[in-house]
Amino acid sequence: MTDYLNEYCMHDHTCGELRSDAVGDEVTLAGWVWHNRDHGGLIFVDLRDREGYTQCVFDPDCVSEADFHTAEHLAREWVIQVRGTVRARDDEAVNPNMATGQIEILVSAITVLNTSVTPPFAIEDGIETDETTRMKWRYIDLRRPEMYDALLLRHKVTRAMRAALDERGFLEVETPILANSTPEGARDYIVPSRPNPGRFYALPQSPQQFKQMLMVGGIERYYQIARCFRDEDLRADRQPEFTQVDIEMSFVENEEVMDMMEDVMASTLEAVGVTHSFPLQRMQWKEAMDRFGCDRPDVRFGMELVDLTDIVRDCGFKVFSSVAQGGGVVKAINAKGAGDWSRGEVEKLADIAAANGAKGMAWIAFTTDGKEKSPIIKFFSDEEFAALKKAMDVEPGDLLLFAADTFDTASAVLAALRLHMAEALDIPREGHALLWVVNFPMFRLDEETGKYAAEHHPFTMIPESDWDKIETAPLECGSYSYDLVMDGFEAGGGTIRIHTADLQRRVLRRCGLTDEEIDVKFGHLIHALELGAPPHGGIALGLDRLVMLLAGKDSIRDVIAFPKTSSAADPMTGAPGEVSGRQLKEVSLRLL
RNA sequence: GGGGUGUUAGCUCAGUUGGUUAGAGCGCCGGCCUGUCACGUCGGAGGUCGUGGGUUCAAGUCCCAUACAUCCCGCCA
């Protein structure tokens, strides 16, 4: 099965493939010394490669004195080649925890291909070494089986997606890395142009505009495993460069893109042994916000948000009633199982609420022995309290956490608390849950600038029935948009695009651009739309996040071969580094 | 830009109220060992306590600043 791995190289078997049926065979293996157990008169060496490991035995009766002496001085991570005979282990010597544990290699000759200094950390799974240390010596970190498995999984995912897209007539097309800065969106990585002093390329935040141009160019179905760059602060699920599976189709509406994506996802998940039912649930954005407080809900557990605004509108607790009467919302979650938490533990949750914009956090605890604890119960009438308990489905052992604020802030607060409580209460979240969140609002109001901005991006198609609201009631405009949500992460997002110049101009104007700015920054797009752009739309999947979730990792750094630290640095190569004065001069730059 | 946590041996960590020579496990080096597979066993080496100031008779420990890492908020159309 792995025969091809033994072509073109200096071994005829990998370290993971030999079984009892090979007993008696003369074999050659090559790999890294993993463990070396020297018993004086007998030496066991576990030889490891990416496929597994095999025990090699050095018996002084079977190897030359020189080779035995060599084996005595082997150390971890030395690179060796051994020749020997496959031998069945005695019954008591069989290692059931080892794939190759029924056999061993009785070595007849050894060649040291390279030595190694002592590695800075152990080459094995489950280490807790600091990530910076692992990144500095990433090449040995990658020797660890779990790292290899992550890269293998990533490879399988991209391979399955390529195959599925190819079967459906998609062309893989490369788009430029040296592109133009886009006026909106994330901060760009910029690259000076030597022949054009004072001018800069920007690395693409996504191939968005190029893929739309490909549709205008008649490619009809495009995809690309595309590297994207954003110069923003990092997170566990954010890197300065990351990979999108970027897809675009012509002559489609939103349902068709989602159907296509589900088919591609279905074969991708199948290829990596994950079962999930299709078709996927399609949840309206508003419903996601109402029920989960966020547009990428983890639907593997409940603890949904409950709107209590009407119940508390006239209650004696001024914080609630004034918010309710002032146009805000009062919502709560029921953290079942936290009812016996101490007051101190509960009050600490207010820090999480505050971090998400809340001014405070009310709570009511229902202890398992039937008592009620809370600083706010006294403000409610019996009827109000009964209605509240009914709405929250209260039982002994429950802890209610409240947010009274604007819809946006209350949602953010409770969404954060919901995830925190799920973690704290160890609520099971096994397997994977995919769904679509659809129909995002087209615009949102930027409170700082007072301007409207596109929620997804300004190329998103608006349902025709909402076109007249672009100028009059932008916040009520819907959009043909769809996010693929997986386990509480945005695994992908897409839209149907605007394909007529007039509508595109109206949307860009609504985002605060003048006609002149539109011509300068988006002239190429407008021209393209004027030259017979077909209806089109697409989606981009966050490959790193998808693989992270499938691999069960907490960080996309674990599924990227050479990731960067939170300051966007690479401890291995030292990037970003300084450049010489001559290099700066060549691109007409001077440092401040 | 803001907040939390952390930085002590190659790795992972402990280090009490500020008080003798800063410890442990793993790893490493040397000896012994023919059935181990986290081999065992005996011995040994290894430290600018992130960096810079300060308080003090005395600082790993207290204070200030700073760097780096990591998580979160902002940000990420």
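The basis for the numbers below is simple: all heavy atoms, side chains too, and nothing from hydrogens, waters or symmetry mates.
Going from the P atom of B/G44 to that of B/U51 covers 29 Å, rounded to whole Å. Using C1' as the reference atom, B/C37 and B/C42 are 22 Å apart when rounded to the nearest Å. B/A24 and B/C68 have their P atoms separated by 34 Å, with the value rounded to a whole Å. For the P atom pair drawn from B/G23 and B/C64, the interatomic distance equals 30 Å after rounding to whole Å. Straight-line distance between the P atoms of B/A14 and B/G1: roughly 31 Å, to the nearest whole Å. For B/G47 and B/G4, the C1' atoms lie 29 Å apart once the distance is rounded to whole Å. Rounded to a whole angstrom, the distance from the P atom of B/G60 to that of B/A22 is 10 Å.
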_One character per nucleotide, please: for nucleotides 30-41 of chain B, 5' to 3', B when the base has a protein heavy atom closer than 4.0 Å, S when only the sugar-phosphate does, - otherwise._
---BBBBB-B--
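RNA chain B lies under 4.0 Å from no heavy atom of any residue of residues 405-416 of chain A. For the segment residues 477-487 of chain A, the set of residues with a heavy atom within less than 4.0 Å of an atom of RNA chain B is empty. For the segment residues 346-358 of chain A, the set of residues with a heavy atom within less than 4.0 Å of an atom of RNA chain B comprises A/Ala355, A/Asn356, in numerical order.
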Between the protein and nucleotides 4-10 of chain B, list every N/O to N/O distance that falls short of 3.5 Å.
unit_1	atom_1	unit_2	atom_2	d
B/G10	O2'	A/Pro120	O	2.9

Hey, what are the protein-to-nucleotides 1-3 of chain B N/O distances that come in under 3.5 Å?
unit_1	atom_1	unit_2	atom_2	d
B/G1	O6	A/Asp233	OD2	3.2

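Not counting sequence neighbours, the partners of A/Lys286 by the side chain to side chain donor-acceptor pair (under 3.5 Å) test are A/Asp290. Residues passing the salt bridge (charged side-chain N to carboxylate O under 4.0 Å, His left out) test with A/Arg76, sequence neighbours excluded: none. Among residues two or more places apart in sequence or in another chain, the side chain to side chain donor-acceptor pair (under 3.5 Å) test is passed with A/Asp519 by A/Arg505. With sequence neighbours left out, the salt bridge (charged side-chain N to carboxylate O under 4.0 Å, His left out) criterion links A/Asp298 to A/Arg300. Evaluation of the salt bridge (charged side-chain N to carboxylate O under 4.0 Å, His left out) rule for A/Lys469 yields A/Asp466 as partners, not counting sequence neighbours.
Ring planes of A/Phe459 and A/His457: tilted class, angle from 30 to 60°. Ring pair A/Tyr53/A/Trp34 is perpendicular by interplanar angle, where above 60° counts as perpendicular and below 30° as parallel.
Using N1 to N3 plus N6-O4 or O6-N4 for Watson-Crick, or N1-O2 and O6-N3 for G-U wobble, each under 3.5 Å, B/A59 pairs with nothing. Pairing for B/G25 is with B/C11, a Watson-Crick or G-U wobble pair whose two hydrogen-bonding atom distances lie under 3.5 Å.
The salt bridge (charged side-chain N to carboxylate O under 4.0 Å, His left out) contacts involving residues 557-573 of chain A comprise A/Glu131-A/Arg557, A/Arg134-A/Asp558, A/Glu241-A/Lys564, where partners must be two or more places apart or lie in separate chains.
Aromatic ring centres of A/Phe210 and A/Tyr222: separated by at least 6.0 Å.
The local environment of CG in A/Asp554 is sparse, with at most 12 non-hydrogen atoms from other residues, nucleotides or ligands closer than 6.0 Å.
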